[in-house]
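Inspection log for the structure reproduced underneath, given as structure tokens.
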Amino acid sequence: MLLRASLVCVFIRNCHSLLDMKQMKFPKGFLWGTATSGHQIEGGNVSSDWWRWEQQGRMHGGAVSGQAVDYWNRYEEDHALMESLGYPVFRIGIEWARIEPEPGKFDREALAHYRDILQSLKNHGIKICLTLYHWVLPHWVAERGDWTNPETLRHFERYARYVINELITFPDLWVTVNEPMVAAIAGNLLAEHPPFRNTFRDYRQTAVSLLRVHAQCYAFIHDAARRAELKKPPRVGIANAYPVLVPWGSRGWKGFYEWSIARLGKYLACHVWDNAVDTGHARLLNGFRQIPGLRGSIDYCGINYYLRMSLRFDHSRRDRFFIDETGVPPGVRSTDTGWQIYPSGLYKAIHDVWNRFKKPVIITENGIADISDEQRPAYILEHLFCVYQALQSGIPVEGYFYWSFIDNFEWRKGFGPRFGLIAVDHRDHNLVRYPRPSAHLYSQIIRENAISEELIGTYAPELMGPFETILKSGNRGRAD
Ligand code: IFM
């Protein structure tokens with residue numbers, strides 16, 4: 001009797017999968033993952049510059065990172081949850097301020113703790129993508145002029161060599177620097193992030209320093225991997241932000257101004273960096289001087305993609321070059337942070353980096369602030385649809401990491417925006433983890449290694465037409 005029942009079950013399951021053939025299959029071995037950074041989830045990063053600025057009340061509403069979601073102590077629980085949800089890759093960051101809280105004094109316990117975290121990920125069968133610098137500096141570095149002080153490069157080199165040598169056996173992927181141009185622009189041109197400056201000189205110096213840091217780390221990681229005789233050397237890249245910037249479309253000279261700033265902004269935010277890595281010269285930033293080791297120093301192109309911004313002239317925004325970027329044109333969907341949802345920008349970013357570098361592409365961040373979790377399923381599916389289209393056009397996109405695994409400290413905005421697949425109530429001192437419904441949706445996509453008609457029909461019906469067209473065209477490309 002029992003045998004017959006289980007045979008019937010197997011039969012029904014097989015029928016179901018035969019009927020459910022309408023799927024967009026991703027390539028075998030596609031790297032599905034989630035992303036975070038140290039300061040945003042660990043808690044207690046007390047020797048960092050951000051911590052100090054937070055204590056001085058510089059964040060919105062006086063927000064402080066405090067214990068964040070206490071990942072520093074609860075990593076084991078989080079990794080077990082990640083494993084149970086079936087998320088195969090985790091992008092995390094390591095905090096320089098923990099490793100070297102005082103100049104030249106390395107904290108061996110902190111390093112051992114990071115080692116435990118990485119080992120725990122391995123034990124749970126989760127692959128690691130490790131970020132070396134994600135915007136946060138030790139306080140003592142910030143006090144001495146951060147990236148505008150040439151000495152900082154020497155200090156970072158010492159830290160990076162130490163960490164890379166100690167941890168080389170763990171990561172499959174490394175991110176040297178997260179969104180370098182956001183750090184340079186938000187901290188030095190727009191005075192939005194620490195160190196809250198607004199001069200072109202500081203922007204330029206910061207950008208050049210980060211390019212140098214990246215080139216150094218690229219070489220260190222590969223050297224360390226060679227010395228450790230790793231069977232499979234890790235791959236090294238940058239997680240770069242590629243927002244879409246468009247003019248609002250005002251009339252007359254205001255429109256021309258918006259158009260010019262959109263072009264300049266895109267240039268300063270994305271092209272300067274990509275040109276430099278492509279050619280080895282940081283044009284505009286430091287004349288035509290070459291940066292040693294920079295040319296071609298990426299094994300993959302890391303894309304962080306979130307939004308489109310429409311830039312509107314606003315004479316009251318003197319501090320922001322008379323531009324307001326927060327407007328949302330009528331009919332355009334937006335997130336809890338007021339960011340315009342614009343999935344096709346991801347498709348364009350993939351094409352642009354591929355055309356320039358001809359290196360595999362990994363989406364190192366993509367996500368939405370959505371406390372209700374009502375928009376997240378469609379957001380994920382729409383962006384994955386673009387990834388799929390890029391695959392179909394022959395571009396080797398190798399992975400996608402949703403930002404964020406868990407609700408994070410969202411920099412100046414504190415804990416307001418909720419990007420996590422896992423919800424945490426920061427006011428509850430138990431910091432209980434609650435997977436949002438979309439956490440399970442993401443598990444399903446990963447399990448099936450595909451987006452199914454059923455999911456599209458339920459969460460993103462506007463994609464049904466293009467979905468059918470792609471399936472009719474043979475669903476071939478790089479997907480298996
Ligand atoms: O939280 C940030 C992250 O630190 C860098 N990329 C964008 C995310 C969402 O704003």
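Read the numbers this way: they start at 1 and go in the same order the structure lists the ligands and their atoms. Start at 1 with the first residue, then count along the sequence.
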Which of the atoms of ligand 1 are close to [X], meaning less than 4.0 Å from one of its heavy atoms?
{"X": "His134", "value": "3 (C), 4 (O), 5 (C)"}
{"X": "Glu179", "value": "5 (C), 6 (N), 7 (C)"}
{"X": "Asn178", "value": "5 (C)"}
{"X": "Trp339", "value": "10 (O)"}

(message) Counting only nitrogen or oxygen atoms and a 3.5 angstrom limit, does Trp411 reach ligand 1?
(response)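 Yes - when backbone and side-chain N and O of Trp411 are compared with those of ligand 1, one distance drops under 3.5 Å.
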(request) Report yes if Ser37 has an N/O atom closer than 3.5 Å to an N/O atom of ligand 1; otherwise report no. (result)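 Among all N and O atoms of Ser37, none is under 3.5 Å from an N or O of ligand 1.
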Among protein heavy atoms, which lies nearest [atom], and at what distance?
{"atom": "atom 9 (C) of ligand 1", "answer": "Glu410 OE2, 3.2 Å"}
{"atom": "atom 6 (N) of ligand 1", "answer": "Glu365 OE1, 2.5 Å"}
{"atom": "atom 8 (C) of ligand 1", "answer": "Tyr306 OH, 3.4 Å"}

(request) Report yes or no: is the cationic atom of Arg115 (NZ for Lys, CZ for Arg) under 6.0 Å from the centre of the six-membered ring of Phe170, at an angle within 45° of the ring normal? (result)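 No, a cation-pi geometry is absent between Arg115 and Phe170.
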(message) Distance to the ring centre below 6.0 angstrom and angle to the axis at most 45 degrees; does that hold for Arg91 and Phe401?
(response)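 Because its charged atom misses either the 6.0 Å distance or the 45° angle limit, Arg91 does not stack over Phe401.
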(message) With no hydrogens and no angle check, just 3.5 Å: does a side-chain donor-acceptor pair link Asn366 and Tyr400?
(response)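 Distance-only check passes for Asn366 and Tyr400.
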(request) Using only heavy-atom distances, determine whether the side chains of Tyr71 and His79 contain a donor-acceptor pair under 3.5 Å. (result)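 There is such a pair between these side chains.
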(request) May I ask you to identify, for Tyr305, whether its side chain, its backbone, both or neither come under 4.0 Å of ligand 1 on a heavy-atom basis? (result)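 Neither; nothing of Tyr305 gets under 4.0 Å from ligand 1.
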(request) Of all the heavy-atom pairs spanning Thr364 and Ala239, show the shortest one and how long it is. (result)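 It is OG1-CB, 3.5 Å.
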(message) Ring-plane angle category for Phe156 and Tyr133, please: parallel below 30°, perpendicular beyond 60°, tilted otherwise.
(response)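 Answer is perpendicular, since the angle exceeds 60°.
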(request) Assess the pair Trp135 and His39: is the distance between their ring centroids shorter than 6.0 Å? (result)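 Aromatic pair excluded; centres sit 6.0 Å or further apart.
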